[in-house]
Amino acid sequence: MNTDRAFISATLMADKNRSAIEARLSDVLQQSLTPMEPRQAKTYMEHTAVRMAEEAGAGVTMFQMVEIKHANTAYMIRVAVLTNGCAIGLDFMDMENGQFFIPETCPVIPLEVPTIN
């Protein structure tokens with residue numbers, strides 16, 4: 001996977017990938033969620049992403065915040081992009097009230113590399 005930040009951001013924002021992230025967020029919102037302070041959530045979830053990546057035989061390329069809308073509410077979700085072409089959805093913030101949450105389980109999202117015309 002190309003590790004260029006702009007390329008990775010474009011990959012995450014590609015329509016199919018954005019739809020996959022939105023669908024997984026919908027699933028996550030149905031789980032038990034634990035509210036957490038922003039710094040704690042970031043540290044805890046980034047360690048979780050590294051562990052999950054290692055278990056999958058991959059590494060973490062970068063962490064990226066992605067804005068997603070769901071049911072008239074906007075969320076910022078931290079995504080770990082892996083060297084195996086997947087992303088892991090991590091903590092997220094409800095942009096209306098600023099509360100951070102960590103999910104019970106982190107969704108793994110296969111990414112499709114966008115084609116360049």
Side-chain angles (χ1 to χ4, degrees):
M1 177 178 245
N2 185 334
T3 58
D4 179 287
R5 280 189 159 306
F7 179 80
I8 291 172
S9 292
T11 299
L12 287 172
M13 294 300 104
D15 290 340
K16 274 193 153 178
N17 292 333
R18 192 168 180 80
S19 294
I21 294 169
E22 288 174 353
R24 298 301 171 120
L25 176 61
S26 179
D27 294 342
V28 165
L29 291 171
Q30 302 304 315
Q31 299 178 24
S32 295
L33 301 171
T34 303
M36 195 173 273
E37 292 298 317
R39 187 180 310 231
Q40 289 174 309
K42 179 180 187 294
T43 301
Y44 177 77
M45 295 313 289
E46 287 182 359
H47 286 355
T48 298
V50 169
R51 181 181 46 77
M52 289 177 70
E54 288 173 352
E55 288 173 2
V60 175
T61 300
M62 68 179 278
F63 294 97
Q64 175 85 29
M65 294 296 284
V66 179
E67 184 176 344
I68 300 294
K69 293 189 182 350
H70 174 74
N72 300 321
T73 302
Y75 297 93
M76 288 296 287
I77 184 168
R78 186 182 328 275
V79 176
V81 180
L82 307 184
T83 57
N84 66 359
C86 291
I88 300 173
L90 302 173
D91 57 310
F92 63 96
M93 177 186 74
D94 181 328
M95 291 182 62
E96 187 174 306
N97 62 23
Q99 179 63 57
F100 275 79
F101 296 94
I102 59 170
E104 189 175 280
T105 59
C106 299
V108 177
I109 307 154
L111 298 175
E112 291 190 29
V113 177
T115 56
I116 300 172
N117 295 330

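Numbers here are sequence positions counted from 1.
- Using modelled atom types, one side-chain atom of Asn17 and one backbone atom of Glu112 make a donor-acceptor pair closer than 3.5 Å.
- Counting heavy atoms of neighbouring residues, nucleotides and ligands inside a 6.0 Å radius, atom CZ of Phe63 exceeds 12 of them.
- Both Leu90 and Val108 are members of a single hydrophobic cluster when ILVMFWY side chains are connected at heavy-atom separations under 4.5 Å.
- Here the straight-line distance linking atom CZ of Phe101 with atom OG1 of Thr34 works out to 9.5 Å at 0.5 Å rounding.
- Under the 4.5 Å side-chain heavy-atom criterion for ILVMFWY residues, no single connected hydrophobic cluster contains both Met95 and Val79.
- Using a 4.5 Å cut-off on side-chain heavy atoms (C-beta onward), Asp27 and Pro107 make no contact.
- Cys106 and Gly89 get closest at one heavy-atom pair: CB-O, 3.3 Å.
- How far CG of Leu12 is from CE of Met62: 7.0 Å, rounded to the nearest 0.5 Å.
- The environment of Glu96 atom CD is sparse: at most 12 non-hydrogen atoms of other residues, nucleotides or ligands sit within 6.0 angstrom.
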Report the C-alpha distance between Arg18 and Val66 in whole Å, list the side-chain angles of each, state the deciding distance to 0.1 Å, and finish with yes or no for side chain to side chain contact (heavy atoms under 4.5 Å, CB included). CA-CA 9 Å; Arg18 192 168 180 80; Val66 179; 3.8 Å; yes
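- Placement of Ile68 and Leu29 within a single hydrophobic cluster is found when ILVMFWY residues are connected by side-chain heavy-atom separations under 4.5 Å, directly or transitively.
- To the nearest 0.5 Å, the span separating CG on Asp91 from CD on Glu37 amounts to 12.5 Å.
- Other residues, nucleotides and ligands contribute over 12 non-hydrogen atoms within 6.0 Å of the CG atom of Asn97.
- For the pair Thr83 (side chain) and Gly59 (backbone), a donor-acceptor distance under 3.5 Å is present.
- Counting only heavy atoms from C-beta outward, the side chains of Leu33 and Phe92 approach each other to under 4.5 Å.
- More than 12 non-hydrogen atoms from other residues, nucleotides or ligands lie less than 6.0 angstrom from CD of Gln99.
- The side-chain heavy atoms of Leu82 and Leu111, taken from C-beta on, include no pair separated by under 4.5 Å.
- When the ring pair (Phe, Tyr, Trp, His ring centres under 6.0 Å) test is applied to Phe100, no partner is found at least two apart in sequence or on another chain.
- Of the possible donor and acceptor atoms, one in the side chain of Gln31 sits under 3.5 Å from a partner among the backbone N and O of Thr105.
- Residues forming a salt bridge (charged side-chain N to carboxylate O under 4.0 Å, His left out) with Arg39 (at least two apart in sequence, or on another chain): none.
- Under the 4.5 Å side-chain contact rule for hydrophobic residues, Met93 and Ile88 do not share a cluster.
- Note: the hydrophobic cluster containing Met65 does not contain Ile109 (ILVMFWY, side chain heavy atoms under 4.5 Å, direct or indirect links).
- Side-chain contact between Pro103 and Met45: present, with at least one pair of heavy atoms (C-beta onward) separated by less than 4.5 Å.
- His70 and Tyr75 have tilted rings, their planes meeting at an angle from 30° to 60° on a 0 to 90° scale.
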